[in-house]
Chemist: 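For reference, the structure I am asking about is given below.
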Protein chains: 2
Amino acid sequence: MEPHEPDLTAVPVTSVLAALADDVRLQIVRALAEGGEAACGSFDFGVSKATRSHHLKVLREAGLTRTRAAGTSRLVRLRRDELDTLYPGLLDAVLTEHPPA
Amino acid sequence: MEPHEPDLTAVPVTSVLAALADDVRLQIVRALAEGGEAACGSFDFGVSKATRSHHLKVLREAGLTRTRAAGTSRLVRLRRDELDTLYPGLLDAVLTEHPPA
DNA sequence: GGCGTTGTTCGATAGTTGTCGAACAAGGGT
DNA sequence: ACCCTTGTTCGACAACTATCGAACAACGCC
């Protein structure tokens, strides 16, 4: 089953924003931005693995991440270059851990 | 009835992103970015006035806009300075009409 | 005062989404 | 071959959200 990683230019902005507009997914994106490539299982943010898989799917289909198989795991990475090119400043604005809550 | 315009630093990033992750609201924000202050009624994007009012409320409560009464109308404006300070690059990245669809 | 304009609020409804457990699939090791 | 680990998929369910029409409120004007 192909990962279905769309061309970023074909993804509506609202989908990109919607993908980032979730706490769990934002944590995943932040972890990826800091640690680079990581296995799906490394994101334990208090949700079941079914939910985690769901969120990774949303991120992938919004064009935010790429996934590749590696043995029994799957490695996920941020499509940072493409994102920074198409939406300069977006990731930077969102990735910094803000003081409020 | 108070407009309930929160301190931007008190609004979770996900709420700001969620507010922008809607086509109608994004059109409103773009119109505001281009035309400055505008009356609620000037945003006719194919939705009823009830729906429009709802979207403006979402934007206001996410800290994206400010509203002030002006006679029988209400004038809305983008909180651009605050947004650019707290999330530099966010608006710029999102406001430019992208080619995709 | 009465009327039209401009918005907001109130249900109601349909669609979307986050969450889970359980079942399933694919690999690697022993 | 067996099993364990790692992920995905499948209902199911609850919560949220976008949308509408209708009712209501506030204001200016004639």
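Here the structure is a predicted model, which is why all the values come from computation and not from measurement. Side-chain atoms are counted along with the backbone in the values below, which use heavy atoms only and exclude waters and symmetry mates. In what follows, every chain begins at residue 1, and chains take the letters A, B, ... in the order their sequences are listed.
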Chemist: What's the closest nucleotide to the A:Val24 side chain, out of C:dT19, C:dT9, D:dG7?
Modeler: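 Shortest atom-to-atom distance from the side chain points to C:dT19.
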Chemist: Below 4.0 angstrom from OP1 or OP2 of D:dC20, is there any side-chain N or O of B:Ser48?
Modeler: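 True: B:Ser48 side-chain N/O within range (under 4.0 Å) of D:dC20 OP1/OP2.
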Chemist: Measure across A:Val11 and A:Pro6 and return the closest heavy-atom pair with its distance rounded to 0.1 Å.
Modeler: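 Heavy-atom minimum between the residues: CG2-CG, 3.7 Å.
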Chemist: Choose from C:dT6, C:dC20, D:dC20 the nucleotide whose nearest atom is closest to any side-chain atom of B:Val47.
Modeler: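 Taking heavy atoms from C-beta onward, the closest nucleotide is D:dC20.
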Chemist: Under 4.0 Å between a side-chain N or O of A:Arg52 and OP1 or OP2 of D:dT8?
Modeler: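 So the side chain of A:Arg52 is outside the cut-off, no N or O lying under 4.0 Å from OP1 or OP2 of D:dT8.
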Chemist: The side chain of B:Ser73 lies closest to which of these nucleotides: D:dT9, C:dG18, C:dG7?
Modeler: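 Per side-chain heavy atoms of B:Ser73, the pick is C:dG7.
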Chemist: Shortest non-hydrogen contact from A:Ile28 to A:Leu59?
Modeler: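 Heavy atoms of A:Ile28 and A:Leu59 come nearest at CG2-CD1, 3.8 Å.
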Chemist: What is the distance, rounded to the nearest whole Å, between atom CG of B:Leu56 and atom C1' of C:dT9?
Modeler: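 Result: 14 Å.
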Chemist: Among the candidates D:dT8, D:dT9, D:dC20, find the nucleotide nearest to the side-chain atoms of A:Lys49.
Modeler: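 When the side chain of A:Lys49 is considered, D:dT8 is the closest of D:dT8, D:dT9, D:dC20.
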Chemist: Have a look at A:His54 and say if it touches a base, only the backbone sugar-phosphate, or nothing, with a 4.0 Å heavy-atom cut-off.
Modeler: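 Answer is base: heavy atoms of A:His54 come under 4.0 Å of a base.
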Chemist: Can a donor-acceptor pair under 3.5 Å be found between the side-chain atoms of B:Thr72 and the base atoms of C:dT5?
Modeler: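 Such a pair is found, so the answer is yes.
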Chemist: So which nucleotide from D:dG7, D:dA18, C:dG18 ends up closest to the side chain of B:His55?
Modeler: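 Among the listed nucleotides, the one closest to the side chain of B:His55 is D:dA18.
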Chemist: Do the charged groups of A:Glu37 and A:Arg74 touch, with an N to O distance under 4.0 Å?
Modeler: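 No, this pair does not count.
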Chemist: At 4.0 Å (heavy atoms only), tell me whether B:Ala69 reaches a base, stays on the sugar-phosphate, or touches nothing.
Modeler: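 Nothing: the residue B:Ala69, judged by heavy atoms under 4.0 Å, touches no strand.
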Chemist: Taking 4.0 angstrom as the limit, do A:Glu5 and A:Arg60 come out as a salt bridge?
Modeler: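 Salt bridge between A:Glu5 and A:Arg60, a charged N being under 4.0 Å from a carboxylate O: no.
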